[in-house]
2 protein chains.
Amino acid sequence: MKLSTRGRYSTRFMIELALYYNKGPILLKEICKSQQISLKYLSQLVIPLKIAGLIKTSRGAHGGYFLARPPEEIKLSEIITAVEGSLNPVECIDNPEICERSDNCVTKAIWAEVGKKCLETLSFYTLKKMIELQKEMSGK
Amino acid sequence: MKLSTRGRYSTRFMIELALYYNKGPILLKEICKSQQISLKYLSQLVIPLKIAGLIKTSRGAHGGYFLARPPEEIKLSEIITAVEGSLNPVECIDNPEICERSDNCVTKAIWAEVGKKCLETLSFYTLKKMIELQKEMSGK
DNA sequence: AACAAATATATAAAAAAAATATATTAGTAA
DNA sequence: TTACTAATATATTTTTTTTATATATTTGTT
């Protein structure tokens with residue numbers, strides 16, 4: 001039940017983009033430095049984020065990455081599921097065919113409830129909320 | 001954010017023990033067969049379950065495994081944390097020292113909330129409840 | 001005393017996660 | 001239009017974790 005670096009790094013990346021929202025594209029290279037993530041690794045994580053429609057890019061000189069939508073419209077749940085897939089703790093919820101007992105399985109129902117709770121929690125937080133929270137915390 | 005086989009197998013194992021509660025010890029060998037889990041692998045999972053005080057054993061002829069407490073007093077959360085460790089999705093919640101930014105980290109606070117929700121959900125379900133649910137489902 | 005089964009430890013195999021390297025494509029601005 | 005910069009795509013390697021197996025030992029029962 002642990003989050004992998006894919007989810008963790010992507011979240012930090014997206015927060016960084018949110019901080020610079022509407023200030024032009026940012027280079028991956030810069031985010032790598034400030035967040036101490038390998039450039040090559042981050043450039044892999046960025047692909048599913050783009051496919052999910054969370055970020056946009058502009059190429060060429062003065063290019064870079066930026067949010068596809070304002071920070072208040074991007075949920076943490078979208079970021080995590082984009083790079084890690086479903087939040088359900090077991091495969092059979094999303095792919096019932098992989099387990100024959102799937103139909104009347106108690107544990108499956110419970111795991112599904114857990115997955116739903118996770119999704120709800122992460123859906124509550126948008127990038128904007130997270131930045132505001134951050135300010136509150138460091139302001140203290 | 002996936003559960004490993006450790007958690008899944010252990011849960012099935014514990015449900016099996018609950019079904020035979022108060023009917024004497026059960027052999028690991030039998031549970032392996034009915035649940036289709038490797039004997040050697042299961043005998044590893046059984047160790048943390050015993051350390052956590054969830055099961056007891058009797059050795060020698062006619063020995064085997066049985067629940068340390070009645071099914072209504074054993075929570076699913078206890079089973080999972082015994083074999084998988086903390087439900088928190090990131091290490092830094094349980095071991096703040098591994099990350100220097102741990103003190104004022106927004107995401108940490110959010111991951112902690114997720115972990116708490118998981119714990120709450122799994123704490124709600126006892127082995128007894130799960131068996132009852134099972135009956136309802138298959139009875140239909 | 002012989003047997004049956006739990007316990008412990010070590011090791012191996014397989015799978016997944018994390019990271020790196022290389023080559024290609026595309027857009028910008030001079 | 002050319003040179004540059006950076007995104008994109010693909011392949012490969014390394015590392016870590018998970019899963020599984022094997023062997024030896026201890027303990028208790030009949």
Side-chain angles (χ1 to χ4, degrees), chain A residues 1-13 16-17 20 24-33 35-68 80 82-86 89-91 98, chain B residues 1-13 16-17 20 24-33 35-68 80 82-86 89-91 98:
Chain A
M1 291 290 287
K2 289 278 178 287
L3 213 61
S4 77
T5 54
R6 293 174 66 87
R8 302 207 310 273
Y9 290 0
S10 299
T11 304
R12 280 155 61 189
F13 170 73
E16 199 85 345
L17 287 195
Y20 289 93
I26 318 174
L27 298 182
L28 224 48
K29 204 191 281 183
E30 285 176 25
I31 297 188
C32 290
K33 254 182 231 167
Q35 294 291 334
Q36 296 170 67
I37 302 169
S38 138
L39 176 66
K40 296 291 177 186
Y41 192 46
L42 191 54
S43 64
Q44 274 185 53
L45 302 183
V46 131
I47 298 169
L49 292 174
K50 193 178 183 187
I51 291 173
L54 302 178
I55 56 172
K56 286 185 178 169
T57 55
S58 74
R59 303 181 109 173
H62 305 111
Y65 291 85
F66 53 97
L67 295 184
I80 300 300
V83 299
E84 302 228 357
S86 159
V90 290
E91 264 289 303
I98 65 164
Chain B
M1 290 292 286
K2 289 282 178 282
L3 213 60
S4 79
T5 55
R6 293 174 67 87
R8 302 207 309 272
Y9 290 0
S10 300
T11 303
R12 281 156 60 189
F13 169 75
E16 199 86 342
L17 288 194
Y20 290 92
I26 317 173
L27 297 183
L28 224 46
K29 207 192 278 182
E30 286 176 25
I31 297 189
C32 289
K33 255 182 229 165
Q35 293 292 334
Q36 298 170 63
I37 302 169
S38 139
L39 175 67
K40 295 291 178 188
Y41 192 45
L42 192 53
S43 64
Q44 272 184 55
L45 301 183
V46 131
I47 298 167
L49 291 174
K50 194 178 182 188
I51 292 173
L54 302 178
I55 58 174
K56 286 185 179 169
T57 55
S58 75
R59 304 181 110 173
H62 304 112
Y65 291 86
F66 53 96
L67 294 185
I80 300 300
V83 298
E84 303 227 357
S86 161
V90 289
E91 265 289 305
I98 65 162

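Here is the naming used below: chain letters follow the sequence lines, and residue numbers restart at 1 for every chain. Only a predicted model underlies this, so the values are computations on that prediction, with no experimental measurement involved.
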Open item on the list: Go through it in stages, so that I can follow the logic: the residues are A:V46 and A:Y65, the test is side chain to side chain contact (heavy atoms under 4.5 Å, CB included), and I'd like the CA-CA distance, side-chain angles, deciding distance and then a yes or no.
Closed with: CA-CA 9 Å; A:V46 131; A:Y65 291 85; 3.2 Å; yes
Task: Residue A:S43, side-chain atoms from C-beta onward, closest of C:dA19, D:dT8, D:dA20 - done: D:dT8
Task: Position toward the 5' end of DNA chain D (nearest nucleotide), A:I47 or A:G60 - done: A:G60
Task: Distance in angstrom units between A:Y41 OH and D:dT13 P, rounded - done: 19 Å
Open item on the list: So for atom OH, which belongs to B:Y20, do other residues, nucleotides or ligands contribute more than 12 heavy atoms lying within a distance under 6.0 Å?
Closed with: no
- [ ] Tell me whether the OP1 or OP2 atom of D:dT19 has a side-chain N or O from B:T5 closer than 4.0 Å.
- [x] yes
Task: Residue closer to the 5' end of DNA chain C, A:Q44 versus B:K40 (nearest nucleotide) - done: B:K40
Task: Separation of atom NZ in A:K29 from atom C1' in D:dC4, rounded to whole Å - done: 12 Å
TODO: Could you tell me the separation between the CG atom of B:L45 and the C1' atom of C:dT7, rounded to a whole number of Å?
DONE: 14 Å
Open item on the list: With side chain to side chain contact (heavy atoms under 4.5 Å, CB included) as the criterion, how do A:R8 and A:T11 come out once you've worked through the C-alpha distance, each side chain's angles and the decisive distance to 0.1 Å?
Closed with: CA-CA 5 Å; A:R8 302 207 310 273; A:T11 304; 5.8 Å; no
- [ ] Could you check how far CD of B:E30 sits from P of C:dA4, rounded to whole Å?
- [x] 15 Å
- [ ] Send over the distance from A:L27 CG to C:dG27 P, rounded to a whole Å.
- [x] 17 Å
Task: Whole angstrom value for the distance that separates P of C:dA6 from CD1 of B:I26 - done: 11 Å
Open item on the list: So, taking the atom named NZ in B:K29 and the one named CG in B:L42, what distance separates them when rounded to the nearest 0.5 Å?
Closed with: 13.5 Å
TODO: Taking A:S43 for its side chain and A:K40 for its backbone only, find out whether a donor-acceptor pair lies under 3.5 Å.
DONE: yes
Open item on the list: It should be established whether A:S38 places a side-chain nitrogen or oxygen under 4.0 Å from OP1 or OP2 of nucleotide C:dA19.
Closed with: no
TODO: Verify the contact: side-chain N or O of A:T57 to OP1 or OP2 of D:dT8, cut-off strictly under 4.0 Å; return yes or no.
DONE: yes
- [ ] Give a yes/no on whether any side-chain N or O of B:S4 is located under 4.0 angstrom from OP1 or OP2 of D:dT19.
- [x] yes
TODO: Could you state the atom-to-atom distance from OH of A:Y65 to C1' of D:dA7 in whole Å?
DONE: 5 Å
Task: Among C:dT7, D:dA20, D:dA7, the nucleotide that comes nearest once only the side chain of B:R59 is considered - done: C:dT7
TODO: Please report, rounded to the nearest Å, how far the P atom of D:dT8 is from the CD1 atom of A:I55.
DONE: 7 Å
TODO: Ignoring backbone atoms, test whether A:Y9 places a side-chain nitrogen or oxygen under 4.0 Å from the OP1 or OP2 oxygen of C:dA17.
DONE: no
